[in-house]
Amino acid sequence: TDKIRMFSFFNAYNERNKVIDYLSKMVEIGNSFGVKMCHENEKEVYGDTADRVQELMDSVKGLKFIYDPANFVQMDELADKTLSMFHSKVEYFHIKDSLYAGAIVPPGKGEAKIKQMLDDYKINGKKRMLPFVYKSTDNMMIQMLKQKELPFSTDEGSILIFNNETEKILLDLAKKT
């Protein structure tokens, strides 16, 4: 791969200079191997809010950005604000949705403006990646199946997460891309 997904540091809100220095070194090392270092906004890391993400983008030369709309929503950031700030600047988008109350929900069922994000995922004529994040997707699909009263595992513990219902959701999303 030519991209590595990374985060800024937990419990580092008072360590701005150290965060920028460490991220700069990581980007420099990645660049020396032809790898793009892509920062994802994540709850409770330095780059969790729109303002701090913008600060990192402005301060760390060569750092790429992954837009995770659910993580912004969980930080009480308005989806309209973050989309307008970052939509044209991202390396790729995560398909993950959330409610401001904190729950991860199926894409398009939350408050992260997934449809708006998907309607214009080409940036400067170039398509961007739209990955499902395994852990988040796994948890989201389990919650969705519970809400629909559909099984997500057998009594013996075998996983049924990718059943006909989840296949329909993924196929519907694929039609939009």
Side-chain angles (χ1 to χ4, degrees), residues 1-10 12 23 36-57 63-123 126-148 150 152-153 159-177:
T1 181
D2 69 339
K3 297 173 184 60
I4 292 179
R5 174 179 166 218
M6 61 187 284
F7 303 92
S8 44
F9 306 94
F10 285 97
L23 290 176
K36 296 177 187 174
M37 302 303 287
C38 302
H39 177 271
E40 178 184 339
N41 57 295
E42 173 68 51
K43 295 181 299 184
E44 301 174 3
V45 301
Y46 187 86
D48 57 1
T49 64
D51 289 341
R52 282 193 291 268
V53 167
Q54 186 64 58
E55 180 183 356
L56 292 176
M57 292 174 80
L63 183 66
K64 304 300 180 188
F65 177 57
I66 301 166
Y67 182 85
D68 187 323
N71 287 347
F72 275 134
V73 167
Q74 289 180 325
M75 291 300 298
D76 291 323
E77 294 277 356
L78 297 175
D80 287 326
K81 173 188 170 189
T82 60
L83 271 172
S84 67
M85 281 179 75
F86 301 119
H87 191 276
S88 65
K89 300 175 183 177
V90 302
E91 188 66 23
Y92 66 89
F93 301 98
H94 278 182
I95 305 300
K96 189 170 111 185
D97 210 343
S98 178
L99 301 174
Y100 283 104
I104 298 292
V105 297
K109 302 294 183 185
E111 298 169 293
K113 307 281 182 164
I114 297 295
K115 182 178 182 329
Q116 182 179 340
M117 184 179 79
L118 291 174
D119 284 345
D120 188 22
Y121 76 102
K122 288 184 182 178
I123 300 171
K126 181 180 176 190
K127 290 183 180 181
R128 298 293 186 205
M129 285 190 347
L130 299 169
F132 280 88
V133 181
Y134 175 73
K135 181 180 177 194
S136 301
T137 304
D138 186 41
N139 292 339
M140 178 269 307
M141 289 293 185
I142 288 170
Q143 292 304 313
M144 180 208 62
L145 292 170
K146 281 183 181 178
Q147 291 168 6
K148 294 183 176 224
L150 297 168
F152 59 90
S153 67
I159 302 298
L160 299 173
I161 193 160
F162 289 106
N163 59 31
N164 291 338
E165 186 68 23
T166 55
E167 183 179 2
K168 288 178 195 172
I169 292 168
L170 295 172
L171 288 172
D172 183 52
L173 182 61
K175 289 177 190 172
K176 295 177 183 176
T177 62

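What you see is a predicted model, and the numbers here were worked out from it, not measured in a lab.
- Heavy atoms only, all atoms of each residue included: Ala70 and Ala112 are closest at N-CB, 4.2 Å.
- Note: Glu44 CD to Ser8 OG = 12.0 Å, rounded to the nearest 0.5 Å.
- Contact annotation: the side chain of Met57 never approaches that of Met85 to less than 4.5 Å [non-hydrogen atoms, C-beta and beyond].
- Across every non-hydrogen atom of Gln74 and Ile104, the tightest pair is NE2-CD1, 3.5 Å.
- Contact between Gly47 and Arg52 at its shortest, heavy atoms only, is CA-CB, 4.3 Å.
- Residue Cys38 forms a side-chain contact (heavy atoms from CB on, under 4.5 Å) with just one option from Val90, Ile4, Ile66, Leu63, and that option is Ile66.
- Classification of the His39-Phe65 ring pair by plane angle, with boundaries at 30° and 60°, yields parallel.
- Residues passing the salt bridge (Lys or Arg N to Asp or Glu O under 4.0 Å) test with Lys81, sequence neighbours excluded: Glu77.
- Residues Gln54 and Phe86 are in side-chain contact: their nearest non-hydrogen atoms beyond the backbone lie under 4.5 Å apart.
- Atom CE of Met75 sits about 9.5 Å away from atom CD of Glu42, to the nearest 0.5 Å.
- Between Thr82 and Lys113 there is no side-chain heavy-atom pair separated by less than 4.5 Å.
- Atoms NZ and OH, from Lys89 and Tyr67 in turn, are 12.5 Å apart once rounded to the nearest 0.5 Å.
- Tyr100 is listed as a side-chain neighbour of Glu111, based on a closest heavy-atom distance under 4.5 Å.
- Salt bridge present: Asp68 and Lys96 bring a charged side-chain N and a carboxylate O closer than 4.0 Å.
- At a threshold of 4.5 Å between non-hydrogen side-chain atoms, the residues Phe9 and Tyr46 do not count as touching.
- Two residues are said to be in side-chain contact when any heavy atoms from C-beta on lie closer than 4.5 Å; Lys3 and Lys64 fail this criterion.
- Considering only heavy atoms from C-beta on, Met37 stays 4.5 Å or farther from Leu23 through its side chain.
- The CG atom of Asp48 sits 10.5 Å away from atom NZ of Lys43, with the distance rounded to the nearest 0.5 Å.
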